[in-house]
Amino acid sequence: MNAPVPEWQGEGSSRIPFWAYTRDDLYQRELERFFYNGHWCYVGLEAEVPNPGDFLRTAIGERSVILVRDKDGALCVVENRCAHRGMRFCRERSGNRADFTCPYHQWNYSLKGDLQGVPFRRGVRQDGVVQGGMPADFNPAEHGLTKLEVAARGGVVFASFDPDVEPFEQFVGPEVLPWFDRLFNGRKLVLLGHSRQRIPGNWKLMQENIKDPYHPGLLHTWFVTFGLWRADNRARLQMDRHHRHAAMISTRGNAGRAGEATSGVSSFKAAMTLNDDRFLDVVPEAWWNGPSAVMTTIFPSLILQQQVNSVSTRHIQPRGPDSFDFVWTHFGFDDDTPEMTRRRLRQANLFGPAGFVSADDGEVIESSQQSFRADDRASTLAELGGRAVEDTDHMVSETLIRGMYRYWRGVMEV
Amino acid sequence: MLDPARYVELLRLYADYAAVLDAGDWNRWPDYFTDPCSYVLQPRENHDRGLPLATMAFESRGMLKDRAYGISQTLFHDPYYQRHVVGVPRVLRLDGDDIHAETNYAVFRTKPSEFSTVFNVGRTIDVVRPTPEGLRFASRRIVFDSELIPNSIIYPL
């Protein structure tokens, strides 16, 4: 059994106790309060279920859900849990169905999740006598699959178990929504594929990774050396009013050596050149409206990536306090030329579980969790740029992490 | 039908390739490819659905060299050993001098102070071409069954 949750030391959110990453009781509370209530979670792209009957099995928190396009074209999300005996009945990752049937006792559901067939509901006649059957007051309307709230915007689909969840646009907020809409501006998305990795660390560390503009120009040699993301880039950090979502907005600046951004930075390699520079064959696109990289966190489940020409969604699926699955969905747009598609795929080498810049994010998360697990009494420090929670017009700050933990403390009552 | 001497050469290519990777000799890895070439490491899920996204996708010896440099100089990672176990190549067809072949493989990973674990399992779909230096891969598509990557893949397979 867990001891009571220790008291958070200090008023602010700039020192995060290691136990925030390790305790099972807090993790269960996070699932309830962030993933299953009050928040919209990512489920997939409309482009993954283009036709009526197309479905995609995915997850919200630890619960398995199915995104499906109904016969009338509507997007539905239902829980992958039979209302009879609780079986997780959908085993395929994706496909096309006219309806759902649980193999255990063949309870049958419409794509919307309504129960439409129960074998032997009215019993079985034997020797002129009806045997068994469901009670007379059995009402199929009460035994459908769990139906989730659904919001789709710009081809991206979110769902919530919470019937009282606020409207999606309000949830994201007017500060961050424009950055969402910049990437998903109504063009049809084209699916390029998925990458899946299991990272042995707490799920919040991945949110923090994309709320931390401090590390990319230090950990990631490619970012600092080629000027893709580093401390002297023109940048803004912007949060929603709850400080749970954020956008890190950056415009590619200098490559090569330049003042404090590179001096003493051991990962900066002035003499490094690529043998094949097609990895970084960057072509600015009109929809960028300037920034060459915008990394957006939609709390708790999603990261949106635009790094030059590579765009993806990254889906956080927690699996206990010490592990999460991280699913990347790379896409393009239906007006992309073949050259642009090829460019997006080449630049995808920078990202994902083997990416020139992303592979080490998973590695540092694993290494951090090892410390947290060994002794949860210490704390991390996130005080670059001070201890306040505020938007900035530079990236030399950990304010977004502080913002997230201010929000976390409030919702978690910690 | 591949003549036996050529088949032995093919076996040597596969054995040497695995040996170089298992020795961590990254700078020699590009030598096993033609230039240009195709090296694609891809989840089976994408391959089977005809989706192009790969975990790594390189098109030249230069790109392979950039990866080798990345491993030793730019990517922070937990060091680990790899051990390839590669099945007997199955020659599918000959196309001029090119040999189209497939192999099954399993790669085990051993991290410092840890047990050896199954890291990645799948098959390779290869086009092998005779060159003055011997047989080389013109194309290697490594399609892995493994549904999840255990955190990261740093070294080539």
Side-chain angles (χ1 to χ4, degrees), chain A residues 93-94 190-201 218-225 267 269 272-280 312 323 325-332 341-342 344-367 370, chain B residues 27 30 35-80 111-114 117 119-120 142 144-157:
Chain A
R93 180 144 50 216
S94 61
V190 176
L191 181 66
L192 297 180
H194 300 286
S195 286
R196 297 172 197 271
Q197 60 190 133
R198 180 164 297 171
I199 299 179
L218 296 164
L219 175 65
H220 303 313
T221 295
W222 278 49
F223 275 175
V224 60
T225 302
S267 51
K269 298 187 182 302
M272 177 178 167
T273 53
L274 293 173
N275 289 290
D276 190 329
D277 60 9
R278 287 178 295 175
F279 283 129
L280 288 176
S312 73
S323 172
D325 289 352
F326 201 41
V327 180
W328 304 63
T329 303
H330 282 253
F331 58 90
T341 301
R342 174 165 285 236
R344 296 195 201 288
L345 290 167
R346 279 195 185 121
Q347 291 178 22
N349 279 299
L350 275 66
F351 307 102
F356 279 110
V357 295
S358 292
D360 33 22
D361 287 326
E363 294 284 304
V364 296
I365 286 173
E366 178 172 358
S367 305
Q370 289 168 352
Chain B
N27 292 330
D35 194 19
C37 61
S38 171
Y39 174 90
V40 175
L41 173 67
Q42 190 181 39
R44 178 170 178 170
E45 152 188 26
N46 291 345
H47 176 79
D48 286 355
R49 296 178 62 191
L51 296 171
L53 184 72
T55 312
M56 296 185 209
F58 305 138
E59 300 157 67
S60 66
R61 275 195 186 179
M63 284 186 172
L64 301 178
K65 286 177 186 164
D66 288 329
R67 183 69 192 185
Y69 182 81
I71 292 165
S72 60
Q73 301 297 323
T74 80
L75 271 165
F76 166 76
H77 62 280
D78 239 3
Y80 60 92
K111 284 188 159 195
S113 314
E114 297 290 340
T117 57
F119 180 52
N120 191 283
I142 304 173
F144 56 91
D145 297 340
S146 309
E147 286 276 301
L148 285 166
I149 290 167
N151 202 346
S152 60
I153 294 181
I154 306 295
Y155 309 145
L157 268 54

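Here is the naming used below: chain letters follow the sequence lines, and residue numbers restart at 1 for every chain.
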To the nearest 0.5 Å, tell me how far [X] [atom1] sits from [Y] [atom2].
X        : Y        : atom1 : atom2 : value
B/Ile154 : A/Asp360 : CD1   : CG    : 7.0 Å
B/Thr55  : A/Phe351 : OG1   : CZ    : 15.0 Å
B/Glu59  : A/Arg346 : CD    : CZ    : 4.0 Å
A/Thr329 : B/Leu53  : OG1   : CG    : 9.0 Å

Test your reading of the model: is there a side-chain donor-acceptor pair from [X] to the backbone of [Y], 3.5 Å cut-off?
X        : Y        : result
B/Asn46  : A/His194 : yes
B/Asp66  : A/Leu274 : no
A/Asn349 : B/Ala57  : yes
A/Glu363 : B/Asp78  : yes

Test A/Met272 against B/Gln73 for side chain to side chain contact (heavy atoms under 4.5 Å, CB included), laying out the working first. CA-CA 10 Å; A/Met272 177 178 167; B/Gln73 301 297 323; over 6 Å; no

So what's closer than 4.5 Å to chain B heavy atoms on [X]: side chain, backbone, both or neither?
X        : value
A/Arg344 : neither
A/Ser267 : neither
A/Asp325 : side chain
A/Ala348 : side chain
A/Ser94  : side chain
A/Val364 : both
A/Leu219 : both

Would you mind checking which part of [X] comes under 4.5 Å of any heavy atom in chain A, side chain (CB onward), backbone (N, CA, C, O), both or neither?
X        : value
B/Glu147 : both
B/Pro52  : both
B/Arg49  : side chain
B/Leu75  : both

B/His77: partners by ring pair (Phe, Tyr, Trp, His ring centres under 6.0 Å), with sequence neighbours left out: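 Checked B/His77 against ring pair (Phe, Tyr, Trp, His ring centres under 6.0 Å); matches are B/Tyr155.
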
What residue, out of B/Arg67, B/Arg61, B/Met56, has the most heavy-atom pairs lying under 4.5 Å from chain A?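 Sorted descending by pairs with chain A, the first entry is B/Arg67.
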
Are the side chains of [Y] and [X] in contact, using a 4.5 Å heavy-atom criterion?
X        : Y        : answer
B/Phe76  : A/His220 : no
A/Ser195 : B/Ile149 : no
B/Ser60  : A/Arg278 : yes

B/Asn151 to A/Pro200 - nearest heavy-atom pair and separation: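 Looking at all heavy atoms of both residues, the closest pair is ND2-CD, 3.7 Å.
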
Non-hydrogen atoms of A/Ala359 and B/Ser152 that approach each other most closely: O-CB, 4.0 Å

Does A/Arg198, at its CZ atom, have more than 12 non-hydrogen atoms belonging to other residues, nucleotides or ligands within less than 6.0 Å? yes

Do the ring planes of B/Phe58 and A/Phe279 sit parallel (below 30°), tilted (30 to 60°) or perpendicular (above 60°)? perpendicular

